[in-house]
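A, B, ... follow the sequence lines: proteins, then strands. Residue 1 opens every chain.
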Amino acid sequence: MEHIRMPKVENVRLLDRFSSRRAVVGTLYLTATHVIFVENGSETRKETWVLHSQISSIEKQATTATGCPLLIRCKNFQVIQLVIPQERDCHDVYISLIRLARPVKYEELYCFSFNPKLDKEEREQGWKLVELNEEYNRMGVPNSYWQISDVNRDYGVCDSYPTEVYVPKSATAHIIVGSSKFRSRRRFPALSYYCKGNNASICRSSQPLSGFSARCLEDEQMLQAIRKANPGSDFIYVVDTRPKLNAMANRAAGKGYENEDNYSNIKFQFIGIENIHVMRNSLQKMLEVCELKSPSMSDFLWGLENSGWLKHIKAIMDAGIFIAKAVAEEGVSVLVHCSDGWDRTAQVCSVASLLLDPYYRTMKGFMVLIEKDWVSFGHKFNHRYGNLDGDPKEISPVIDQFIECVWQLMEQFPCAFEFNERFLIHIQHHIYSCQFGNFLCNSQKERRELKIKERTYSLWAHLWKNRADYLNPLYRSDHSQSQGTLHPQIAPCNFLYKFWSGLYNRFEKGLHPRQSVTDYLMAVKEETQQLEEELEVLQERLANLQKSQSGNNKVKSKQQDGSKQFGLYTSNNSLANTPQEYSNDLKSFPSRSPSQGDEDSALILTQDNLKSSDPDLSANSDQESGVEDLSCKSPSGGGCLPSEDSGKDSDEAVFLAG
Amino acid sequence: MEFAELIKTPRADNVVLHRPFHLAVEGTLCLTGHHLIFSSRRQDNAEELWLLHSNIDSIDKRFVGSLGTIVIKCKDLRIIQLDIPGMEECLNIASSIEALSTLDSVTLMYPFFYRPMFEVLEDGWSSFLLEQEFELLSSVTNEWRLSCVNKEFSVCPSYPPVVIVPKSIDDDALRKVALFRHGGRFPVLSYYHKKNGMAMLRSSQPLTGTNGRRCKEDEKLVNATLRSGRRGFVIDTRPLTVAQQARAKGGGFEQEVHYPQWRRIHKYIERFNILQESFIKLVEACNDQSHNMDRWLSKLEASNWLTHIKELLTAACLAAQCIDREGASVLVHGSEGTDSTLQVTSLAQIILDPRCRTIRGFEALIVREWLQAGHPFQQRCAQSAYSNSKQKWEAPVFLLFLECVWQIHRQFPCSFEFNEQFLIMLFEHAYASQFGTFLGNNENERAKLKLPQKTMSLWSWVNRPEELSRFQNPLYEANSLVIWPSVAPQSLQLWEGVFLRWNRPSRFLEEAEEERIHIIKYNKELQARVNALRRRLAQLEAEDGEVQEE
């Protein structure tokens, strides 16, 4: 690989952010796709794998007596601090990574070399897991009000839209094309969600090119058509998700928002969500808070407030809640737009859909939702998540915010979602990982040109295969929370929005609850299922036995294996339980013996029986990667992952988890 | 005094009750000597609200025409509003509530009048005796003894009659040490770590004064807990400057010259009046009706409540770390040794001792480390977050402790036998109760009030199987290990179960808890059925075998 100046550096130290005493020494490898750190010494040879596409920044810091520090920040919020003995090596690693982390062609991305050893048919099956035409049928379209339009079949009208869009029946091709000419990037109003129960719908578009006074008859007819497709209501809401000031500023550039006087029967509404630049800076500020070394409570809360992050999350939720309410309670259709209609609009439409329709709160439904509102409608994944080297000002955590909204809802409605937190975290991870083809490029058109489906694998199939890991044990499809519209609290409820340490401090395992209720309950449920099966077998045997005895049959029933061990209560916990640094005072006091307390690591837990495909684990962030892809020698002889919980030294186990 | 004198209007009709997240209800309001009772008259949805007067923290009244409105703020932090037609009725009721909720004599409190409607299976007043603790201790070590030196409460008025001290220290020495410690609170055993034989002691500050007074018996006492050649830690819950200033008032700290085997660590834990202020600010923030996210976070921050939580947990972890990891004995004290000292010693035990994470073990811990150890409950819990009392004795010291337990519980949700409701119940009863357990400031006062004879113990009620089932954690799996919580800000959360209990919708969270219980219960039922079937099959097969033999 021409970009790797330094495939291997020895005696590198991996620092722990919380304790300088917990640094480990090992060997650093650079491969075509990963940075790998393999710890020396310990029997397990713990590994930390980082995909190049996860790297968001690399910082070379001033050389110290111990070596040259290198700080790698990742898009999945992992932070890796290395100290490389020789300045020259460090520089070579740095230069190599700078290049490797910023690929210039799609073909350099991991998904084109990733090979999960599936045959062609399996891969095609995988891509068929989520089919949008089935989804529109499920919603209830086409019907007498909505039809599929082929006006965009060759991306002739709008190159960032899908080829198949649903529009009101009364919207002729002429109206659509006319309307598209009056909308930014020709993103004309199209159906996002249709509510079978009352015919109300959510449509999406970009801003109108209204300037200060321009009008467009076809666009006005388009909105009229949307209203007519919902005969129960005599108006529609037009929701502009920008702050009013931003929308007004756009008028000077010949863009803007709908004038209520020109459109008959619309109610126009601003629900201010800040733009991608504000959100990028906000996240940056919040991550700085997360990175603080032993912050005080005030530092943390002040920093969190100052970042404005939760305020932005709430703004997105509020917009989603408004729309869901309009559709479900008022039965009024809504047209949503922002500027281009691919960021805030996607966030708000998908939050509203999620609130409205329990299907999107199932695992499959959630995949469909992302596919519908994000992938198909041209959310610019490549630009927003910096998959290819590009304009840093285009990068913004837009879908991250949507994913967080879902988490916030899960906290408020613990039984309403079929999937758990891990599912969300892994989706976030793979949006950046480029290991699967789903989120490549900026539009459906580009993905088709690249032949993504023929050349890469689908994340959805991968998640579906491992769905047992992602189940929420509290979910029951017959439960009241699993049905109907969710009504989050809107009155003073700021306190309902919480910092998501599970995502933003994902790799600082020491900060998280040491016992997972979710995993515990899943293990119980698994055992319950086994018990149910055994019960059936036993009952059958009992019946047979009674029959045979009554029939004086001499055939002795086969002895079953001894009592089953379910292994529920015996699995170990990877998070060895050790004290943090509670005081600096203890350091100066001679510590008695280094070898105490191994038994603490044997916490009786069930946390890690689910980890096989878990990108949380440093060692296997891409276990399925198949090591043959690596250009340099595989450090641990294959994809077998050293299990973290077998670590002898409990002190290390906690803090190396990331 | 007759309560009737205080109740001019015992009953009012057409009263409307307002509560957050409930529809307003119309009904009848009745006042009795100890309760405010509201009962709705609606046939389809009859409901009654019983509120102890002692649970009322503050009341406000206002009038619109002749319609009076009383806003009642309770010590459990709930706020209710009653609309009472008739100015006179409303004024009468308000003044009655005010008088009845601030009775100054303990013996007029409800526990002295309460007659239990349940059969007492076990008298809670004698459920947790120090003698039993000592018996357990004696089975692992003989280095300690029970001392009755304080039998008449004469050596230390805030200590119980019996205490556990090093065997080598006789009662005469204890008397001398008591004179050298603030309030006579000489070092006693708080916890013995069986794993390595290390001890945690607690006391009050030594009275060294400005001229560096010393007490040989005190030094001998604390040194008696050290293994030869080992050192111990003194965890002083005051900052060094405060400890130094205390010398001017006759207090002080263990000086290294006299305690060469001890190393002193100052871990500052806020004093009670500061905590009270913080508590009031936090509750204000939680009741803020504003829609502004920034304001919520900055108010939460400004209350400093979570800072106190973090500091307290850190100190407790440090004490536990000294004992378990450093293999050292620990002496904990602040000034009086009745507040922050007890917070630290009791939390350290939660971390170290699996027994304290069971229901009975936790009850025993509260009896031992709070009630018998002389935490002045009556002073501290006289008022809650809505008070504007001038007394300045009030402080949420015990609540802060309970919240720290909750924080650890949240991080180790499967390691506690009890659930969050159990902690909330203890918070409620510490502030207002039908039981006598939390009355009085120490064992001395409780004995004088004859509480065990005249009132019912909380434990008599809680430990009945019917009640216990509500407080059990379905996820509990005995965990024999030391549990080290994270004290990073990201790991600490506001205790919503207490602070947002009345201002958040709770239905969905309750449903989740029900589902958790259901999952575990169903699993256990299946296990029982499978086991029964297996036995039956084995039996049948054995019989079958016998038939074949014949």
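- Looking at B:Glu514, there are no atoms closer than 4.5 Å to chain A (heavy atoms on both sides), in backbone or side chain.
- Contact of B:Leu500 with chain A is made through the side chain alone, with heavy-atom distances under 4.5 Å.
- One side chain, B:Glu403 or B:Gln407, offers a donor N or O that lies under 3.5 Å from an acceptor on the other.
- Of the two parts of A:Gln539, the backbone and the side chain both hold a non-hydrogen atom closer than 4.5 Å to a non-hydrogen atom of chain B.
- Using a 4.5 Å cut-off between heavy atoms, A:Ser501 touches chain B through its side chain atoms alone.
- Donor-acceptor pairing under 3.5 Å is lacking for the side chains of A:Asn544 and A:Arg541.
- Proximity to chain A (any heavy atom under 4.5 Å) is restricted, for B:Phe21, to the side chain, taken from C-beta onward.
- Interface remark: B:Asn304 contributes side-chain atoms only to the contact with chain A (heavy atom separation under 4.5 Å).
- Chain A forms the most heavy-atom pairs under 4.5 Å with one residue out of B:Glu525, B:Arg504, B:Arg516, and that residue is B:Arg516.
- Between B:Glu496 and A:Lys498 there is a salt bridge, since at least one side-chain N of the basic residue sits less than 4.0 Å from a carboxylate O of the acidic one.
- In this structure, a donor-acceptor pair under 3.5 Å is present between the side chains of A:Asn505 and B:Gln490.
- Scanning for side-chain contact (heavy atoms from CB on, under 4.5 Å) contacts around A:Leu542 gives A:Gln546, B:Leu533, B:Arg536, B:Leu537, B:Leu540, with sequence neighbours left out.
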side-chain hydrogen bond (donor to acceptor under 3.5 Å, both in side chains) for B:Asp324 and B:Asn196? Distances and angles first, verdict last. CA-CA 7 Å; B:Asp324 187 67; B:Asn196 59 9; 5.1 Å; no

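- If you measure heavy-atom distances from A:Ser296 to chain B, the contacts under 4.5 Å come from the backbone alone.
- With a threshold of 4.5 angstrom between heavy atoms, A:Glu411 approaches chain B through N, CA, C or O but not through any side-chain atom.
- Counting heavy-atom pairs under 4.5 Å between each of B:Cys286, B:Pro413, B:Pro505, B:Ala538 and chain A puts B:Pro413 at the top.
- Between B:Arg231 and B:Glu326, no side-chain nitrogen of the basic residue sits less than 4.0 Å from a carboxylate oxygen of the acidic one, so the salt-bridge criterion is not met.
- Counting heavy-atom pairs closer than 4.5 Å to chain A, the top-ranked of the candidates B:Leu300, B:Leu475, B:Thr307, B:Leu509 is B:Leu475.
- The residues B:Asp236 and B:Lys267 are annotated as not salt-bridged, no charged nitrogen and carboxylate oxygen being separated by less than 4.0 angstrom.
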